[in-house]
Amino acid sequence: MEPVIKVQNLTKTYYLGSKAIQVIKGVSFAVHEKEMIAVLGTSGAGKSTLLHLLGTLDTPSSGSIHINGSDMMSLGPDQLASFRNQTIGFVFQFHHLLPEFTALENVMMPALLQRVAKKEAAVTAAAILERVGLRDRMEHRPVELSGGEQQRVALARALVLRPRLLLADEPTGNLDQETGESIHELLFELNRQLGMTTVIVTHNPELAQRLGRSMVLCDGKIGNDEDGSGGQIS
Ligand SMILES: Nc1ncnc2c1ncn2[C@@H]1O[C@H](COP(=O)(O)OP(=O)(O)OP(=O)(O)O)[C@@H](O)[C@H]1O
Ligand SMILES: [Mg+2]
């Protein structure tokens, strides 16, 4: 079967004035349907950069990314935006909620962009907010929520359209252990129920172990890619 993500010889170099900063230095890997994978690595290793590239929020310097068999580089901006909204749920390291909207409205937004009727979007958004433990916070705006609550709203927003692929950048990094674990349970459940392929950047070794596959980014390359059986995937 076609992998959900296929990355070949991917590189990303940022330019600051005359200075070139090579962040991703040629990585290749595939992630298959229903797989859950942890991306590990020290601060500055390029984890968020890689996730943004996979999420088509940033463009590679070279190499290719196929998602569900489609070459991301061949899509125009409008096609890309629509593809992204329909296929990929993204939880950012910093949540990027819309400040002037309530939690419920923030979570409804991807559905409204897909022209789901407002009432239906509200019902779906409310159900997922309840699932992340925010039943009593739906009418709060982001400034009226704690950091962890904001992160849970961002997760709910990423999940509202039940994406085929979830890309999450330290989704439970700011949460207490109990709340973090309940969010992890939700991700495992969605993976089981919907077959949602999930890539999670995490510093949490227990989560990484449970996910079954861990890929370590080290100095812009994949240092290690293991499926938990002790064998290497390449
Ligand atoms: N827009 C940019 N311009 C120049 N350099 C950048 C830019 N974005 C990121 N970098 C650099 O690229 C490197 C990788 O950044 P990235 O955010 O991917 O790291 P990370 O692995 O997610 O780290 P952390 O665990 O701290 O979140 C860092 O050294 C960073 O300074
Ligand atoms: Mg990061």
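In what follows, every heavy atom counts, from backbone to side chain, and hydrogens, waters and symmetry copies are set aside. First listed ligand is number 1; within each ligand, the first listed atom is number 1. Here the structure is a predicted model, which is why all the values come from computation and not from measurement.
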Q: Using protein heavy atoms only, decide if any is under 4.0 Å from atom 2 (C) of ligand 1.
A: yes
Q. Do any nitrogen or oxygen atoms of Val23 come within less than 3.5 Å of a nitrogen or oxygen of ligand 1?
A. no
Q: For atom 29 (O) of ligand 1, find the nearest protein heavy atom and state the residue, atom name and distance (0.1 Å precision).
A: Gly44 O, 3.9 Å
Q. Quick check: does Ile21 get an N/O under 3.5 Å from an N/O on ligand 1?
A. no
Q) If waters are left out, how many protein N/O/S atoms lie within less than 2.8 Å of the Mg ion (ligand 2)? A) 2
Q | Distance from atom 25 (O) of ligand 1 to nearest protein heavy atom, with residue and atom | A | Lys47 NZ, 2.7 Å
Q) Hey, which atoms in ligand 1 end up nearer than 4.0 Å to a heavy atom of His203? A) 25 (O)
Q) Quick check: are there more than 12 heavy atoms from other residues, nucleotides or ligands sitting under 6.0 Å from CD of Glu206? A) no
Q. Just by distance, do the side chain of Gln193 and the backbone of Leu190 share a donor-acceptor pair under 3.5 Å?
A. no
Q: For Gly46, take its heavy atoms, then give the atoms of ligand 1 lying under 4.0 Å from any of them.
A: 14 (C), 18 (O), 19 (O), 20 (P), 21 (O)
Q: Please state which part of Leu217 comes within less than 4.0 Å of ligand 1, counting heavy atoms only: side chain, backbone, both or neither.
A: neither
Q) Would you say atom 19 (O) of ligand 1 touches the protein, meaning some protein heavy atom is under 4.0 Å from it? A) yes
Q) Does His52 have a non-hydrogen atom less than 4.0 Å from ligand 1? A) no
Q: Count the heavy atoms of every other residue, nucleotide or ligand shown that sit under 6.0 Å from CD of Gln209, and state whether that count exceeds 12.
A: no
Q) For Glu120, does its backbone N or O pair with a side-chain atom of Thr124 as donor and acceptor, under 3.5 Å? A) yes
**Q.** Basic-acidic side-chain contact under 4.0 Å: Asp225, Arg213
**A.** yes
Q. Mind checking whether Ala45 has a heavy atom under 4.0 Å from ligand 1?
A. yes
(Q) For atom 6 (C) of ligand 1, what's the nearest protein heavy-atom neighbour? Residue, atom name and distance, please. (A) Tyr14 CD1, 3.3 Å
Q | For Thr42, the ligand 1 atoms whose distance to one of its heavy atoms is below 4.0 Å | A | 21 (O)
Q. With hydrophobic residues grouped by side-chain heavy-atom distances under 4.5 Å, do Val107 and Ile88 end up in a single group?
A. no
Q | Pairs flagged by salt bridge (Lys or Arg N to Asp or Glu O under 4.0 Å) wherever residues 183-192 is involved - sequence neighbours left out | A | Arg131-Glu189, Glu185-Arg210
**Q.** Which residue and heavy atom of the protein sit nearest atom 26 (O) of ligand 1, plus the separation
**A.** Ser43 OG, 2.6 Å
(Q) Membership question, hydrophobic clusters at under 4.5 Å side-chain separation (ILVMFWY): are Leu161 and Val4 in the same one? (A) no
Q) Do Val27 and Leu50 have side chains that get closer than 4.5 Å, going by heavy atoms? A) yes
Q. What are the two closest non-hydrogen atoms of Glu35 and Asn191, and how far apart are they?
A. O-ND2, 4.3 Å
Q | Donor + acceptor pair across side chains of Ser82, Asn85 (<3.5 Å) | A | no
Q: Measure the distance from atom 15 (O) of ligand 1 to every protein heavy atom, then report the residue, atom name and distance (to 0.1 Å) of the closest one.
A: Thr49 OG1, 3.7 Å
Q | For Asn68 against Arg164, the heavy-atom pair lying closest together | A | OD1-NH1, 2.7 Å
Q: Give the residue, atom name and distance (to 0.1 Å) of the protein heavy atom nearest atom 17 (O) of ligand 1.
A: Ser48 CB, 3.6 Å
Q.
Students should be able to answer this: which protein heavy-atom is nearest to atom 27 (O) of ligand 1, and at what distance?
A. Gln93 NE2, 2.9 Å
Q | Test item: Met138 and Thr102 side chains (from C-beta on) under 4.5 Å apart, heavy atoms | A | no
Q | Leu51 to ligand 1, any heavy atom closer than 4.0 Å | A | no
**Q.** side chain to side chain donor-acceptor pair (under 3.5 Å) partner of Lys25, chosen from Asp219, Thr11, Thr13
**A.** Asp219
Q | Joint cluster assignment, Val91 & Ile200, ILVMFWY side-chain distance < 4.5 Å | A | yes
